[in-house]
Amino acid sequence: MTTYAQELRANAKTMVSAGKGILAMDESNGTCNKRFEALGIPTTENSRRDYRELILTTPNLSDYISGPILYDETIRQSTKAGVPILQVIKDAGMLPGIKVDTGAKEFAGHPGEKVTEGLDGLAERIAEYYKMGARFAKWRAVITIGDRIPSRACIEANAHGLARYAALCQAGGLVPIVEPEVLIDGAHSLEKCFQVTDETLHAVFHQLYMQGVAYDQMILKPSMVVPGKDSGESVSVAAVAEATIRCLLKNVPAPVAGIAFLSGGQTKEDSSAHLNEMNQQFGEQCPWPVTFSYARAIQQPALDHWAGDSSRVAAAQQKLLHRAKCNSLASQGAYSSDLEKQLALV
Ligand code: 13P
């Protein structure tokens, strides 16, 4: 047991408390700039600050969001008026989180596959972030489905990294969000996605077990079991929910503090409908809260509307809040597409 065990347990519970999810807004400068460029927004430090300030100053955001995941640049920034971003988060009653991996890089000897880096110096970075006020962290590993991939080597290397990261986080007082993302890219079937997600989660929990990670002091951030985006396979919301929950129940130990899905390129409506169905149909069978940690499925309508125009901040914030609310409802099995439309008109 680490010296932080009690605090980690309490914070992990807070992150997935009823009706709340986590807001991923930890895009690296490269990814954030790409999304800005698509909308003609200047790719400067100040525009990234303006956008992140827009998100975090959204009135009542904390009704639906327990905490945001920040990027290193953002956690050190202040609002235009000079208030530290960390203070804004604290004043809103949310917990600040931080992305600590340094990206998914080419996996040597394995064309088409990636391994996530960032372990060197991680203990020191965690100590600095904890001192600044961060209380949870994220590390994203990506698994690609394709011709004869993923390899066992890729799954093992990424699972090992995730567990090394998670153990270091718990030793340093940050709740680890363990994110093994099976990518939606490709033409694979739902069944293939199930097999790969099953093998990946099994390997991840084996490594977490071996390295002594406390399950009740971590959050799992998985991808949903869906067909590849180029598969042409059309599956029902019920089929995605059933396959995803079956895969989780098979692999995720009951003490894990919570499941918080990524949206992974699904449409915003699918992301909400799938989460809703899981809670509605299988909520009682699940030993852990099942909620969201979305980026695009919460942010995109707000980003599109804002597009760098300061006169649109308030309206963009309403769009962000709307998506946060829809996903909060989905985490309680109380969302419907009709409600999505009705609420948008309010
Ligand atoms: P998306 O919800 O856009 O997939 O992002 C979640 C995330 O944090 C990816 O690492």
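Just follow the structure's listing: the first ligand is 1, and inside any ligand the first atom is 1.
- Close approach of ligand 1 to Tyr294 is summarised as follows: ligand atoms under 4.0 Å from at least one heavy atom of the residue are 2 (O).
- Contact check for Leu248 versus Phe261: side-chain heavy atoms found under the 4.5 Å cut-off.
- Relative ring orientation between Phe107 and His110 is described as parallel, the plane-to-plane angle staying below 30° on a 0-90° scale split at 30° and 60°.
- Distances from atom 7 (C) of ligand 1 to the heavy atoms of Lys221, Lys268, Gln299 put Lys221 nearest.
- Between Leu262 and ligand 1, no N or O atom pair is found at a separation short of 3.5 Å.
- Taking atom 4 (O) of ligand 1 as the reference point, the nearest protein heavy-atom neighbour is Gly264 N, 2.6 Å.
- When each atom of ligand 1 is checked for a heavy atom of Ala24 under 4.0 Å away, the hits are 8 (O).
- Shortest non-hydrogen contact noted between Gly265 and Arg296 is N-NH2, 3.3 Å.
- Considering every non-hydrogen atom in both Glu233 and Leu190, the closest pair reads OE1-N, 3.3 Å.
- Ring geometry, Tyr215 versus Phe205: the interplanar angle exceeds 60°, so the pair is classed perpendicular (tilted spans 30 to 60°).
- Residue, atom and distance of the protein heavy atom nearest to atom 5 (O) of ligand 1 are Ala295 CB, 3.2 Å.
- At a threshold of 4.5 Å between non-hydrogen side-chain atoms, the residues Pro253 and Val256 count as touching.
- Nearest non-hydrogen protein atom to atom 9 (C) of ligand 1 is Glu179 OE2, 3.2 Å.
- Nearest non-hydrogen protein atom to atom 1 (P) of ligand 1 is Ser263 OG, 3.3 Å.
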**Request:** Could you walk me through whether Asp91 and Gln87 pass the side-chain hydrogen bond (donor to acceptor under 3.5 Å, both in side chains) test, one step at a time?
**Result:** CA-CA 6 Å; Asp91 291 347; Gln87 193 62 44; 3.0 Å; yes
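- Looking only at heavy atoms of the protein, atom 10 (O) of ligand 1 is closest to Lys138 NZ, 2.6 Å.
- Both the backbone and the side chain of Arg296 come within 4.0 Å of ligand 1, judged by heavy-atom distances.
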